[in-house]
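FYI, side chains are in, hydrogens and waters are out, and symmetry mates aren't considered; it's all heavy atoms of this structure.
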Amino acid sequence: MMKFLSKRLTAEAFNAKYPVGTPVRYFQTSGEPSYRDSKTRTTAWTLGHGAAVVSIEGQAGGVAITHIQIRKEEGL
């Protein structure tokens, strides 16, 4: 079972571990079963209130890294 990324993971730590183009599964609403498979299209950055976000393909703006799961390149 894939796990969501921790709220404690900083943008810098995310970028060190996951390069641009990393396959992700994006959940728009936490706790809801619907999701979209995508890839990161930028490095992560930190918002003024401290949340780490990243841009993904097919979604405008940044999405909280706590709303994504990292996918394996080949089949889940």
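- A donor-acceptor pair under 3.5 Å links the side-chain atoms of H67 to the main chain of F27, judged by distance alone.
- In this structure a side-chain-to-backbone donor-acceptor pair under 3.5 Å is present from R71 to V24.
- Legend: side chain to side chain donor-acceptor pair (under 3.5 Å) pairs involving residues 44-54, not counting sequence neighbours: none detected.
- For residues 52-62, the pairs satisfying side chain to side chain donor-acceptor pair (under 3.5 Å) are R36-Q59, with sequence neighbours left out.
- With I70 as the partner, the side chain to side chain contact (heavy atoms under 4.5 Å, CB included) test is satisfied by one option alone out of I65, T40, T22: T22.
- In this structure, the separation between CZ on R41 and CD1 on I56 is 8.5 Å, given to the nearest 0.5 Å.
- At a threshold of 4.5 Å between non-hydrogen side-chain atoms, the residues V63 and V53 do not count as touching.
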Between side-chain atoms of residues 9-20 and protein atoms elsewhere (two or more places apart, or another chain), which donor-acceptor pairs fall under 3.5 Å?
from	atom 1	to	atom 2	distance (Å)
T10	OG1	A13	N	3.0
N15	OD1	A44	N	2.6
N15	ND2	A11	O	3.2
N15	ND2	A44	O	3.1

